[in-house]
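Remember, it's a predicted structure, so these values are computed and weren't measured experimentally. Hydrogens, waters and symmetry mates are skipped; everything else that's a heavy atom, side chains included, is used. Chain naming here is simple, since letters A, B, ... match the order of the sequence lines and numbering starts at 1 in each.
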There are 2 protein chains.
Amino acid sequence: MTGNLKTVSDIIGASYDTLTRAEKQLAETLLDNYPVSGLVSITALAENARVSTPTVVRMVQKLGFSGFPDFQSRLHQELEETISNPISKHDRWAADAPGTHILNRFADAVVANMRDSLAHISIPDFDRAAAELSNRKKPVYLAGGRITHALADYFFTHLQVIRSGVTLISTNRSTWPQYVLNMRPGNVLVLFDIRRYEQEMETMARIAAERGIFIILFTDTWGSPIVKHAKVVFRLNIEVPSAWDSSVMTLVLVEALIEAVQSANWDSTRERMSDLEELFDTTSLFRRPMRKEKRGKQQN
Amino acid sequence: MTGNLKTVSDIIGASYDTLTRAEKQLAETLLDNYPVSGLVSITALAENARVSTPTVVRMVQKLGFSGFPDFQSRLHQELEETISNPISKHDRWAADAPGTHILNRFADAVVANMRDSLAHISIPDFDRAAAELSNRKKPVYLAGGRITHALADYFFTHLQVIRSGVTLISTNRSTWPQYVLNMRPGNVLVLFDIRRYEQEMETMARIAAERGIFIILFTDTWGSPIVKHAKVVFRLNIEVPSAWDSSVMTLVLVEALIEAVQSANWDSTRERMSDLEELFDTTSLFRRPMRKEKRGKQQN
DNA sequence: TCGCTTCTGAAATTATCTTTTCAAAAAATG
DNA sequence: CATTTTTTGAAAAGATAATTTCAGAAGCGA
């Protein structure tokens with residue numbers, strides 16, 4: 001009845017053309033702020049969409065559901081799956097394997113994510129984040145969750161080359177209060193919080209926000225609870241054909257920020273970089289200095 | 001009435017001590033999978049929490065709400081605020097994102113890299129790497145350089161969930177010989193070596209290769225000296241409009257491998273994952289253990 | 001153990017939601 | 001333009017949810 005379409009929004013999209021005027025109006029309301037808008041009573045939903053309740057009933061039946069409760073429980077289930085753990089996710093993806101190699105499916109998903117994510121990133125937000133991170137007078141702290149810690153680490157490693165006053169917050173949660181204690185109003189806190197969201201991080205964010213810390217948050221499109229404490233929020237598309245979420249988009253943004261911060265004051269960065277080069281050369285056991293002055297390309 | 005506390009979960013947390021046994025039980029259910037679990041009918045919620053509906057009513061009133069509908073609409077509002085659909089602010093970027101902004105240039109470069117890299121990756125190589133990593137009898141070691149360490153870390157974190165016998169090699173070079181000492185013929189060593197290539201890593205790779213270790217190498221298109229020791233080499237495009245090289249393509253490949261390894265033996269992975277979930281639930285400071293099997297009933 | 005208080009859920013009651021019915025309005029057709 | 005078909009919502013009917021009542025259960029102090 002509902003075909004092999006995965007989500008309710010897919011179903012709505014597929015049958016959109018066959019809907020009547022009032023039903024289209026209702027569909028718009030549902031897709032706007034999806035799927036939360038559908039989780040209210042049929043009466044409230046009808047009112048929000050400015051249609052009658054029978055219209056709602058007729059439409060959901062047209063879409064293949066037995067009735068409004070059936071429709072709603074499907075929405076509810078969808079939300080639950082998307083918000084919570086990765087176990088249920090895998091089973092969803094596994095079903096629609098189109099036979100192509102995982103690499104290609106991955107690449108497709110990543111490119112699609114990139115397009116969507118970029119469409120929703122506010123350029124002023126990006127510039128503001130870059131400006132905050134470029135201000136050497138403001139110490140920067142970075143923290144990630146269980147998975148995203150590696151991203152915080154990556155960001156940290158680069159920022160550290162570019163400027164001073166950068167701190168990577170330990171993965172050990174019990175030390176977090178001490179970091180917050182050291183932060184001063186106007187300092188910058190960069191957080192990575194992708195589902196499943198971590199309660200401790202929200203606590204840290206709330207306290208930091210109360211103390212006037214400027215919070216930059218990397219999260220997914222669902223939005224972590226930290227959203228309300230953050231000054232700048234990057235919502236990224238993280239869905240890929242995997243049991244896991246993808247960090248690729250997050251990394252793209254991190255790298256773009258690194259470049260923005262770096263070019264904001266390139267001169268002093270260049271100095272720091274060559275100083276660093278020298279340090280590496282002298283402390284390394286095996287390395288012979290192999291200077292390649294190609295405009296400061298640095299890696300590994 | 002509800003004080004100046006922000007979220008429903010805050011309110012629950014604040015009055016947790018004053019709750020009775022059945023109410024605490026209900027509170028657990030609500031916080032578990034918050035806030036979605038609270039968006040069902042009072043009947044379904046009571047069933048999930050194994051308490052009676054009057055208990056639900058009494059608790060929400062105790063928390064300061066006028067009744068269950070009031071409570072639920074507050075939850076709903078909260079979810080709406082945090083999720084906020086990106087589709088709605090869809091056509092904002094076209095205007096204020098000129099094609100020259102660093103973000104767009106970055107995205108273009110990444111997509112181009114992806115196309116080039118994928119064209120050069122040998123699918124059999126990918127599958128072979130995945131097979132080696134999927135074999136639980138073969139311990140896996142991972143190491144990265146100064147920058148790429150974060151990628152090794154990311155790979156490690158995921159692999160560790162999927163299987164046992166995974167070791168992340170310390171960043172401290174002087175400990176490397178000890179790791180090599182532990183490796184046995186047939187073991188797998190995953191190395192990240194992007195320019196500038198590190199002498200110590202080549203040394204480690206050479207010795208490991210002599211001892212019959214299966215080496216999987218992630219490098220750039222120029223190819224690190226380790227290439228000659230490795231059984232599988234992934235050469236990736238890493239150039240972006242930045243003073244730095246990009247790790248995005250590397251991450252894409254890592255994630256694809258993670259998925260390949262995971263789906264290679266999904267059943268045992270699933271078990272490990274849910275065991276892990278349980279551990280997280282019990283060890284976390286804020287989440288309390290609460291096993292409950294979900295029932296199908298749900299309604300607004 | 002008793003008596004008291006607090007807690008809890010079954011059942012009844014009340015309120016609200018969901019579905020159906022049906023007639024009027026709108027759109028399509030000849 | 002008349003007729004038919006489709007769409008739509010008001011209102012009634014039916015189903016479910018939310019609240020209240022109340023008696024028994026559980027905990028507590030003496």
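Put simply, CD on A:Q72 is 14 Å from P on D:dT16, counting in whole angstrom units. Remark: C1' of C:dT19 and CG of A:D70 are 14 Å apart, rounded to the nearest angstrom. In this structure, A:L45 atom CG and C:dT18 atom P are separated by 9 Å, rounded to whole Å. If you take CZ of B:F68 and P of C:dT14, they are 22 Å apart, rounded to a whole angstrom. When the P atom of C:dC7 is taken as reference, atom NZ of B:K62 falls 6 Å away, rounded to whole Å. Residue B:M59 contributes atom CE, which lies 14 Å from atom P of C:dC7 at whole-angstrom precision. Remark: P of C:dT8 and CZ of B:R58 are 7 Å apart, rounded to the nearest angstrom. The CG-P distance, from A:L39 to C:dC17, rounds to 15 Å in whole Å.
The base of D:dG9 has none of its N or O atoms less than 3.5 Å from a complementary donor or acceptor on the side chain of A:R50. With hydrogens and angles ignored, no donor-acceptor pair closer than 3.5 Å exists between the side chain of B:R21 and the base of D:dG27.
Nearest nucleotide to the A:T43 side chain, out of C:dG9, D:dA10, C:dT18: C:dT18. Of all nucleotides listed (D:dT20, C:dC17, C:dG9), D:dT20 comes nearest to the side chain of B:Q61. Distances from the side chain of B:P69 to the nucleotides D:dT8, D:dA18, C:dT8 place D:dA18 closest.
Contact between the side-chain N/O atoms of A:S41 and the OP1/OP2 oxygens of C:dC17 is found at a separation under 4.0 Å.
Annotation: of the two residues near DNA chain C, B:T53 and B:T20, the 5′-most nearest-nucleotide partner is B:T20.
A:T55 and A:S52 share a side-chain donor-acceptor pair at under 3.5 Å.
Salt-bridge formation is not detected for the pair A:K231/A:E132: no Lys NZ or Arg NE/NH1/NH2 atom is positioned less than 4.0 Å from an Asp or Glu carboxylate oxygen. Ionic pairing of A:R58 and A:E23 is not present here: no N-O contact between side-chain nitrogen and carboxylate oxygen is shorter than 4.0 angstrom.
When all heavy atoms are compared, the tightest approach of B:S37 to B:L45 is O-CD1, 3.7 Å. Summarising the geometry of A:V233 relative to A:V227, their closest heavy-atom pair is CG2-O, 4.1 Å, with the distance given to 0.1 Å.
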